[in-house]
Number of protein chains: 2
Amino acid sequence: MARGRASTFDATREQILDQAARLFAAQGYPGTSMNQVAEACAVSKPTLYHYVRDKHELLAQICETHVLELATLVAEVDVQGQAQGLSPEQRLRLLITRFMQAYGRSQNQHRVLTEDVKFLNDEDQARLKAIEREVVDAFANAIVAARPALQAAKLHKPVTMLLFGMINWTFTWLKPDGELSYDSVAPMVADLFFGGLGAVATEAASAPDAKAHHALHTP
Amino acid sequence: MARGRASTFDATREQILDQAARLFAAQGYPGTSMNQVAEACAVSKPTLYHYVRDKHELLAQICETHVLELATLVAEVDVQGQAQGLSPEQRLRLLITRFMQAYGRSQNQHRVLTEDVKFLNDEDQARLKAIEREVVDAFANAIVAARPALQAAKLHKPVTMLLFGMINWTFTWLKPDGELSYDSVAPMVADLFFGGLGAVATEAASAPDAKAHHALHTP
DNA sequence: CCTACCGATCGGTAGG
DNA sequence: CCTACCGATCGGTAGG
């Protein structure tokens, strides 16, 4: 009996988090009222507060769950890459595909993570940023493994962020019910990126101090 | 005298719009109060309302000014491209450079345009979206001019959005006072993009129906 | 005495 | 240009 209730509690809580993510993604965190969240879940506000401590917990839980899912993805690809003996390029392609699929599944959560994380308190923000940094580092390492010359030219970090730009920005133009799917865009991103790395690396090789040269604002 | 007041009025109004853009970018539109805007401008709230009709007008003005600046940029590059006889690739490179420079100058405004445009009313939103679409189309046309094969493969639109992903996402990791400048990243974006287009176009040529194949979610 | 909720309202603050 | 407010709604919680 107690277990039955507990499982109902957890399932209800997950539905609430999902509705909150949808509303936060559409209206922003400060633009969404707890009344709206309660209404979307078809419960009264006191009932809503039975499942979550306060509004901040909603945001923290949504962001944490999503960022942990991304970190898990990275770990899984690591394991799979070792087990199947994938090449660095194959590993990065798998990473890109898995991330795009995750974004497709969790579009709302992803938008909340990118746009509303600033409304968390400093402690939660620091904790999640640390996990995000691990994820970004994993991509950067995969890129360096595939194209070691980039690290030598100190181009691996900006190039990593350009890759994240391509895949993260998709939430503004790829719609779950649209003509193009996340699965179809993933290989385009990978092809564009790997094709482009050659050009960037070539430029870096011919002008190894390109970054230092460009780093200062033109006077 | 009246003219003297008018010019002061306009200058004060611009400072207010700039402060508002800074606050909206940092806290979001619903998360920013008119009291905060007034305080940041060192004026009372009634004084603030002497320069702007309401909160909504602040947002609309910030977004419209910025998107019109981007549209102007496109027009200027068109003129310059014709006058100097630039190749399609040179024109697109110039477009990328000019946009990155504009983002560097107007980071707050750009963040507001991308994250808070949803809080405008339907009419303003439709008007600005139409201008945005013109800008995106100009990029798409420049890309097609440089690589006609992409249009045949119906890849020019997603590829255009991937390019926008790279340059738009920079506002999350490029800081005006950071180690890397917008000017130094612009050629990296262009090199990565043009290098990658070859790979995407090659894939498209070897499998012309790749998009149709990928367009449906895997069953 | 517990849980799971309801209708009503709390103290503060929003935009204006 | 300020103090002083309004109708409403905010996030959160009272009693039953």
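The sequence lines fix the lettering, A, B, ..., with proteins before strands; numbering per chain opens at 1.
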Are any of the side-chain nitrogens in B/E115 or A/K118 under 4.0 Å away from the carboxylate oxygens of its partner?
-> yes
Per the under-4.0 Å heavy-atom filter, residues of residues 114-124 of chain A near DNA chain D come out as none
Check: Would you say B/N141's side chain and B/D137's backbone share a donor-acceptor pair under 3.5 angstrom?
Finding: yes
B/E57 meets the side chain to side chain contact (heavy atoms under 4.5 Å, CB included) criterion, sequence neighbours left out, with B/R13, B/V52, B/R53, B/D54
Taking only nitrogen or oxygen atoms into account, show me every contact under 3.5 Å that the protein makes with nucleotides 9-13 of chain D, one pair per line with its distance.
unit_1: D/dG11; atom_1: OP1; unit_2: A/T32; atom_2: O; d: 3.1
unit_1: D/dG11; atom_1: OP1; unit_2: A/K55; atom_2: NZ; d: 2.7
unit_1: D/dG11; atom_1: OP2; unit_2: A/M34; atom_2: N; d: 2.9
unit_1: D/dG11; atom_1: N7; unit_2: A/K45; atom_2: NZ; d: 3.2
unit_1: D/dG12; atom_1: OP2; unit_2: A/Y49; atom_2: OH; d: 2.9
unit_1: D/dG12; atom_1: OP2; unit_2: A/K55; atom_2: N; d: 2.9
unit_1: D/dG12; atom_1: N7; unit_2: A/K45; atom_2: NZ; d: 3.0
unit_1: D/dG12; atom_1: O6; unit_2: A/K45; atom_2: NZ; d: 2.5

For DNA chain C, the dot-bracket notation using Watson-Crick and G-U wobble pairs below 3.5 Å, [ ] for pseudoknot-type crossings and | for other-strand pairs, is .....|...||...||
Indicate whether OP1 or OP2 belonging to D/dT3 is found under 4.0 Å from a side-chain N or O atom of B/S44.
-> no
Listed pairs under 3.5 Å, donor-acceptor, residues 97-104 of chain B side chains, sequence neighbours left out:
unit_1: B/T97; atom_1: OG1; unit_2: B/R93; atom_2: O; d: 3.0
unit_1: B/R98; atom_1: NH2; unit_2: B/Q80; atom_2: OE1; d: 2.9
unit_1: B/Q101; atom_1: NE2; unit_2: B/D183; atom_2: OD1; d: 3.1
unit_1: B/Y103; atom_1: OH; unit_2: B/N168; atom_2: OD1; d: 2.7

*Side chain A/T114, main chain A/R111, donor-acceptor under 3.5 Å*: yes
In whole angstroms, the gap separating C1' of C/dG16 from OH of B/Y51 amounts to 19 Å
Sorted by number, residues from residues 17-27 of chain B placing a heavy atom under 4.0 Å from DNA chain C are none
With sequence neighbours left out, the residues meeting side chain to side chain contact (heavy atoms under 4.5 Å, CB included) with B/A138 are B/V74
Sorted by chain and number, sequence neighbours left out, side chain to side chain contact (heavy atoms under 4.5 Å, CB included) with A/T47 holds for A/V43, A/S44, A/Y51
Between CZ of A/F9 and P of C/dC2 the distance, given in whole Å, is 17 Å
Applying ring pair (Phe, Tyr, Trp, His ring centres under 6.0 Å) to B/H50 and not counting sequence neighbours gives B/F9
In whole angstroms, the gap separating P of C/dG16 from NE2 of B/H50 amounts to 17 Å
field: Same-atom distance (P) from C/dA8 to D/dG12, integer angstrom
entry: 22 Å
- Item | Same-atom distance (C1') from D/dA4 to C/dG16, integer angstrom | 13 Å
With sequence neighbours left out, the residues meeting side chain to side chain contact (heavy atoms under 4.5 Å, CB included) with A/S33 are A/N35, A/Q36
Worksheet item: Does B/S184 use its side chain to pair, donor to acceptor, with the backbone of B/L180 at less than 3.5 Å?
Response: no
Value for CD (A/E89) from CG (A/L92), rounded to nearest 0.5 Å, stands at 8.0 Å
Across all chains, not counting sequence neighbours, the salt bridge (Lys or Arg N to Asp or Glu O under 4.0 Å) partners of A/E64 are A/R127
Sequence neighbours excluded, the answer for side chain to side chain donor-acceptor pair (under 3.5 Å) partners of B/Q27 is B/T32
